[in-house]
*Asks:* 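The following block contains the structure, expressed as structure tokens.
Note that the coordinates shown come from a computational prediction; the quantities given were computed from them, not determined experimentally.
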Amino acid sequence: MSTGIQLLVGLGNPGQEYAATRHNAGAWLVAALAERLQAPLKASKFFGLHAQAMLGSQKVHLLIPTTYMNRSGQAIGALANFYKLAPEQILVAHDELDLNPGVVRLKKGGGHGGHNGLRDTISALGNSRDFYRLRIGIGHPGSASQVTNYVLGKPSPDDQIRIEAALDETLRHLELIFSGDHTQAMNRLHSFKAE
């Protein structure tokens, strides 16, 4: 069994009313990759849209949970259990308030930082925090009381362009991440900033 990352999950909320909101930035990444790899995402028994595809020479799972954000772990846990994937083989793409639009960071482990999707994922993986995260910057509204409306709102046109540029850059380096060359992937991703 390969020990590298085998599952990319894009967090978001289901339904058209949420499709274009900041909270769905992780789902945007997975949808774009599925389209690029010509691997249609289909409803599955894993409480989400699922596809298998080849990324370079590696077979990978793509997953967008169709539960609400705070139940994301249900989908991730179901697929991980079925395919016997360890937390270290999972990469979760999610929106990140603490990064500006146009910035993406790759990291392994850590807390949930108040992100309900990460909180539920940690719980579903037996309280393991050892999965990888792709943190997609969406910026911060400036006040904690505004966060809910902000993440459930649409980015400004300029921010949307920056986020999409960062997603494109991430797609260019996913093969490196999946092949296990995390240092090189981090060097490239972390030096990128959409203008």
*Asks:* Is the backbone N or O of G73 less than 3.5 Å from a side-chain atom of D120, with the two atoms forming a donor-acceptor pair by type?
*Replies:*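 At least one qualifying donor-acceptor pair exists.
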*Asks:* Would F82 and L7 show up in the same hydrophobic cluster when neighbours are defined by side-chain heavy atoms closer than 4.5 Å?
*Replies:*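 In one cluster with F82: L7, yes.
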*Asks:* Please assess L29 against L171 for the test side chain to side chain contact (heavy atoms under 4.5 Å, CB included), listing each intermediate value before the final yes or no.
*Replies:* CA-CA 8 Å; L29 178 72; L171 290 171; 3.8 Å; yes
*Asks:* Any link between I122 and I90 through a network of hydrophobic side chains (Ile, Leu, Val, Met, Phe, Trp, Tyr) touching at under 4.5 Å?
*Replies:*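 Yes, because I122 and I90 connect within a single hydrophobic cluster, where side-chain heavy atoms sit under 4.5 Å apart.
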*Asks:* Once you measure the plane-to-plane angle for H115 and H23, does it fall in the parallel (<30°), tilted (30-60°) or perpendicular (>60°) bin?
*Replies:*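 Tilted.
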*Asks:* Do Y132 and H182 have side-chain heavy atoms sitting under 4.5 Å apart?
*Replies:*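 Y132 vs H182: side chains touch.
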*Asks:* Output, in order, the C-alpha distance, side-chain angles, deciding distance and verdict of side chain to side chain contact (heavy atoms under 4.5 Å, CB included) for L33 and V60.
*Replies:* CA-CA 11 Å; L33 179 61; V60 299; 5.6 Å; no
*Asks:* Mind checking whether I161 and L167 sit in one hydrophobic cluster, side chains of I, L, V, M, F, W, Y counted as touching below 4.5 Å?
*Replies:*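 In one cluster with I161: L167, no.
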*Asks:* Supply the atom-to-atom distance L118 CG to R129 CZ, rounded to the nearest 0.5 angstrom.
*Replies:*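 Result: 10.0 Å between the selected atoms.
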*Asks:* Check this for me: K108, atom NZ, are more than 12 non-hydrogen atoms of other residues, nucleotides or ligands nearer than 6.0 Å?
*Replies:*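 It does: K108 NZ has more than 12 such atoms within range.
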*Asks:* Ignoring hydrogens and angles, tell me if any N or O in the side chain of T21 forms a donor-acceptor pair with the backbone of G153 under 3.5 Å.
*Replies:*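 Looks like no, no N/O pair under 3.5 Å.
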*Asks:* Answer yes or no: are there more than 12 heavy-atom neighbours, outside K107 itself, under 6.0 Å from its atom NZ?
*Replies:*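 Buried by this count: over 12 neighbours within 6.0 Å.
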*Asks:* Check the hydrophobic clustering (I, L, V, M, F, W, Y; side-chain heavy atoms under 4.5 Å; chains of links allowed) and say if L176 and V92 are grouped together.
*Replies:*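 Hydrophobic grouping puts L176 apart from V92.
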*Asks:* Would you find more than 12 non-hydrogen atoms of other residues, nucleotides or ligands less than 6.0 Å from Q38 atom CD?
*Replies:*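 No - once you tally the heavy atoms of other residues, nucleotides and ligands closer than 6.0 Å, there are 12 at most.
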*Asks:* Looking at R135, R22, R133, which hits salt bridge (charged side-chain N to carboxylate O under 4.0 Å, His left out) with E96?
*Replies:*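 Of all the options given, the one that passes is R135.
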*Asks:* Heavy atoms, side chains only, cut-off 4.5 Å: are L106 and I177 in contact?
*Replies:*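 L106 reaches I177 side chain to side chain.
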*Asks:* Using side-chain heavy atoms (C-beta onward) and a distance below 4.5 Å, is Y83 in contact with Q52?
*Replies:*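 With C-beta onward as the side chain, the pair touches.
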*Asks:* Below 4.5 Å, heavy atoms only, C-beta onward: do I138 and L97 meet side chain to side chain?
*Replies:*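 With C-beta onward as the side chain, the pair touches.
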*Asks:* Has the side chain of Q58 got a donor or acceptor atom that lies under 3.5 Å from a matching backbone atom of I5?
*Replies:*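 Looks like yes, one N/O pair under 3.5 Å.
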*Asks:* With a 4.5 Å cut-off on side-chain heavy atoms, are W28 and I163 touching?
*Replies:*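 They are in side-chain contact.
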*Asks:* How far does CD1 of I64 sit from CG of L41, to the nearest 0.5 angstrom?
*Replies:*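 CG of L41 is found 5.0 Å from CD1 of I64.
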*Asks:* Test side chain to side chain contact (heavy atoms under 4.5 Å, CB included) on R36 and D168 and set out the steps.
*Replies:* CA-CA 11 Å; R36 190 171 285 199; D168 283 344; 4.2 Å; yes
*Asks:* Quick one: pull up CG in L91 and CG in L63 and give me the separation to the nearest 0.5 Å.
*Replies:*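 That separation rounds to 12.0 Å.
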*Asks:* Minimum heavy-atom separation for A51 to P40, with atom names?
*Replies:*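 Here A51 and P40 meet closest at CB-O, 3.5 Å.
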*Asks:* In Å, rounded to the nearest 0.5 Å, how long is the span from NE2 of H50 to NZ of K42?
*Replies:*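 Answer for the NE2-NZ pair, H50 versus K42, is 11.0 Å.
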*Asks:* Working to the nearest 0.5 angstrom, can you tell me the gap between L189 CG and L134 CG?
*Replies:*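 With rounding to 0.5 Å, CG (L189) is 7.0 Å from CG (L134).
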*Asks:* Please output the side-chain donor-acceptor pairs of residues 98-105 that fall under 3.5 Å, not counting sequence neighbours, one pair per line with the distance.
*Replies:*
none

*Asks:* Are side-chain heavy atoms of V147 and H140 found at a separation under 4.5 Å?
*Replies:*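 Touching, per the 4.5 Å side-chain cut-off.
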*Asks:* Between P65 and S72, what is the shortest heavy-atom contact and its length?
*Replies:*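 Answer, listing the atom of P65 first, then S72: CG-O, 4.1 Å.
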*Asks:* Which heavy-atom pair separates I136 from A25 by the least distance, and what is that distance?
*Replies:*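 Nearest heavy atoms, I136 then A25: CD1-O, 3.6 Å.
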*Asks:* Could you pull out the closest heavy-atom pair between A80 and L125, with the gap in Å?
*Replies:*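 Smallest interatomic distance, heavy atoms only, reads CB-CD2, 4.3 Å.
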*Asks:* Give a yes or no on whether Q146 atom CD has more than 12 heavy-atom contacts from other residues, nucleotides or ligands under 6.0 Å away.
*Replies:*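 Yes, because the 6.0 Å sphere around CD of Q146 holds more than 12 heavy atoms from other groups.
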*Asks:* Quick check against the 3.5 Å criterion: does N13 have a side-chain atom that pairs as donor or acceptor with the backbone of M69?
*Replies:*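 Present.
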*Asks:* Within a strict 4.5 Å, meaning less than it, do heavy atoms of the V9 and L79 side chains meet?
*Replies:*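 No, every pair of side-chain atoms sits at 4.5 Å or beyond.
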*Asks:* Carefully, step by step, assess L49 and T66 under the rule side chain to side chain contact (heavy atoms under 4.5 Å, CB included).
*Replies:* CA-CA 7 Å; L49 303 174; T66 48; 3.8 Å; yes
*Asks:* Is any side-chain heavy atom of L8 less than 4.5 Å from a side-chain heavy atom of L55?
*Replies:*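 No, too far: nothing below the 4.5 Å cut-off.
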*Asks:* Please check if the side chain of Y150 supplies one atom and the backbone of G142 the other of a donor-acceptor pair under 3.5 Å.
*Replies:*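 Checking the backbone N and O of G142 against the side chain of Y150, no donor-acceptor pair under 3.5 Å is found.
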*Asks:* Measuring from I76:CD1 to S123:OG, what's the distance to the nearest 0.5 Å?
*Replies:*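 Those atoms lie 11.0 Å apart.
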*Asks:* Cation-pi check for F192 against R188: NZ or CZ below 6.0 Å from the six-membered ring centre and within 45 degrees of the axis, yes or no?
*Replies:*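 No, a cation-pi geometry is absent between R188 and F192.
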